[in-house]
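The structure presented is a predicted model; accordingly, all values stated were derived computationally and were not measured.
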Amino acid sequence: MKLKDYTLEKYIEKAEDKSSVPGGGSISALCGALSASLAMMVLKLSDQDEEIYAPFRECSNVLVENIDADSASFDGVLRAFRMPKETREEIAIRSRAIQEGYIEAIDVPLKTMRAAEEILSLMTRRLDLMAKDAFSDVQIAGDLAMTAFRGAKSTAHINIAALKDEGQKAAYLEALEVLESRVDEHINAIRAY
């Protein structure tokens, strides 16, 4: 059964067991999906046209998929570590597979980060359409997106540190820095709402 299909009670129960599935990345994606839902609810209170919700739904769909994708994203690294390493050729193949596994383990939380940033961006651009009497919900939606972003960033950072290609590592770190700068701008605008 996929994590996204669990009841809320079962998901919470599963999160506390020692299997570490769902882990922080999965829970971060869930926070992002909740952020998108809450932002849409606030917009609906001011009777907006249906098409205004579509970008939030797209972000939510990515994040819901990442609830499960994140839990599986490290599997490639684990499989690679179990590969044989008796000969030089096996060592080289194993090393390459480990690095490829880390790329997947970075790309999934990076998707969560991008979706969380997009939710914050959408909220910022639509603040004037959000119902003022739901101010606390706007703030909570922003905070949930920030939680999603920060949690995914922590996961990505751990895996970026394991990359051997310094150029690749630098490119990922630069992408994270750019996203974080945008997120900071968005959250400041939301908090000033």
Can D107 and Y172 be said to form a side-chain hydrogen bond (donor to acceptor under 3.5 Å, both in side chains), step by step? CA-CA 9 Å; D107 287 345; Y172 273 119; 2.8 Å; yes
Can you list the steps and then say if K10 with E13 is a salt bridge (charged side-chain N to carboxylate O under 4.0 Å, His left out)? CA-CA 5 Å; K10 183 69 175 167; E13 185 181 297; 3.6 Å; yes
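- Pairs of residues two or more places apart, or lying in two chains, that qualify as side-chain hydrogen bond (donor to acceptor under 3.5 Å, both in side chains) and include a residue from residues 136-154 are D143-R191, K153-E180.
- Using modelled atom types and a 3.5 Å distance limit, the side chains of D5 and Y11 yield no donor-acceptor pair.
- A chain of hydrophobic side-chain contacts below 4.5 Å, direct or via other Ile, Leu, Val, Met, Phe, Trp or Tyr residues, connects F135 to L129.
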Side-chain donor-acceptor pairs of residues 28-45 under 3.5 Å, sequence neighbours excluded:
unit_1 : atom_1 : unit_2 : atom_2 : d
S28    : OG     : G24    : O      : 2.8
S35    : OG     : A141   : O      : 2.7
S37    : OG     : A33    : O      : 3.2

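- A152 approaches M113 most closely through the heavy-atom pair CB-CG, 3.5 Å.
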Could you give the side-chain donor-acceptor pairs of residues 55-70 under 3.5 Å, partners two or more places apart or in another chain?
unit_1 : atom_1 : unit_2 : atom_2 : d
R57    : NH1    : E50    : OE2    : 3.2
R57    : NH2    : E50    : OE2    : 3.1
N61    : ND2    : R57    : O      : 3.3
E65    : OE2    : K4     : NZ     : 2.7
N66    : ND2    : V108   : O      : 3.1
N66    : ND2    : T112   : OG1    : 2.8
D68    : OD1    : L3     : N      : 2.6
D68    : OD2    : L3     : N      : 3.4
D68    : OD2    : K4     : N      : 3.2
D70    : OD2    : S26    : N      : 3.4

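- A side-chain hydrogen bond (donor to acceptor under 3.5 Å, both in side chains) check over residues 73-100, counting only residues at least two apart or in different chains, returns nothing.
- Put simply, CG on L163 and OH on Y102 are 9.0 Å apart, with the number rounded to the nearest 0.5 Å.
- Expressed to the nearest 0.5 Å, how far CG of L173 lies from CD of Q168 amounts to 11.0 Å.
- A pairwise comparison of heavy atoms in I98 and V77 identifies O-CG2, 4.2 Å as the closest pair.
- A continuous path of ILVMFWY side-chain contacts below 4.5 Å connects V183 to L127, so both sit in one hydrophobic cluster.
- For E174, the CD atom sits in a loose shell: 12 or fewer heavy atoms of surrounding residues, nucleotides or ligands are nearer than 6.0 Å.
- Applying the side-chain hydrogen bond (donor to acceptor under 3.5 Å, both in side chains) rule to S181 yields no partners; only residues at least two apart in sequence or on another chain are considered.
- Note that CD1 of I187 and CG of L120 are 5.0 Å apart. Values are rounded to the nearest 0.5 Å.
- Applying the side-chain hydrogen bond (donor to acceptor under 3.5 Å, both in side chains) definition to pairs two or more places apart or across chains, those involving residues 117-126 are E117-H186, S121-R125.
- When side chains are defined from C-beta on, F149 does not count as touching I119, because their heavy atoms never get closer than 4.5 Å.
- When hydrophobic clusters are built by joining Ile, Leu, Val, Met, Phe, Trp and Tyr residues whose side-chain heavy atoms come closer than 4.5 Å, directly or via intermediates, F81 is grouped together with I103.
- Cluster membership for I158 and L110, using ILVMFWY side-chain heavy atoms within less than 4.5 angstrom, is not shared.
- Of the possible donor and acceptor atoms, none in the side chain of D49 sits under 3.5 Å from a partner among the backbone N and O of E51.
- One hydrophobic cluster, built from ILVMFWY side chains closer than 4.5 Å, holds both I140 and Y53.
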Would I160 and L176 count as a side-chain contact (heavy atoms from CB on, under 4.5 Å) if you check the C-alpha gap in whole Å, the side-chain angles of each, and the deciding distance to 0.1 Å? CA-CA 11 Å; I160 290 168; L176 267 55; 3.8 Å; yes
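- Annotation for A145 and A116: closest pair O-CB, 3.5 Å, computed over non-hydrogen atoms.
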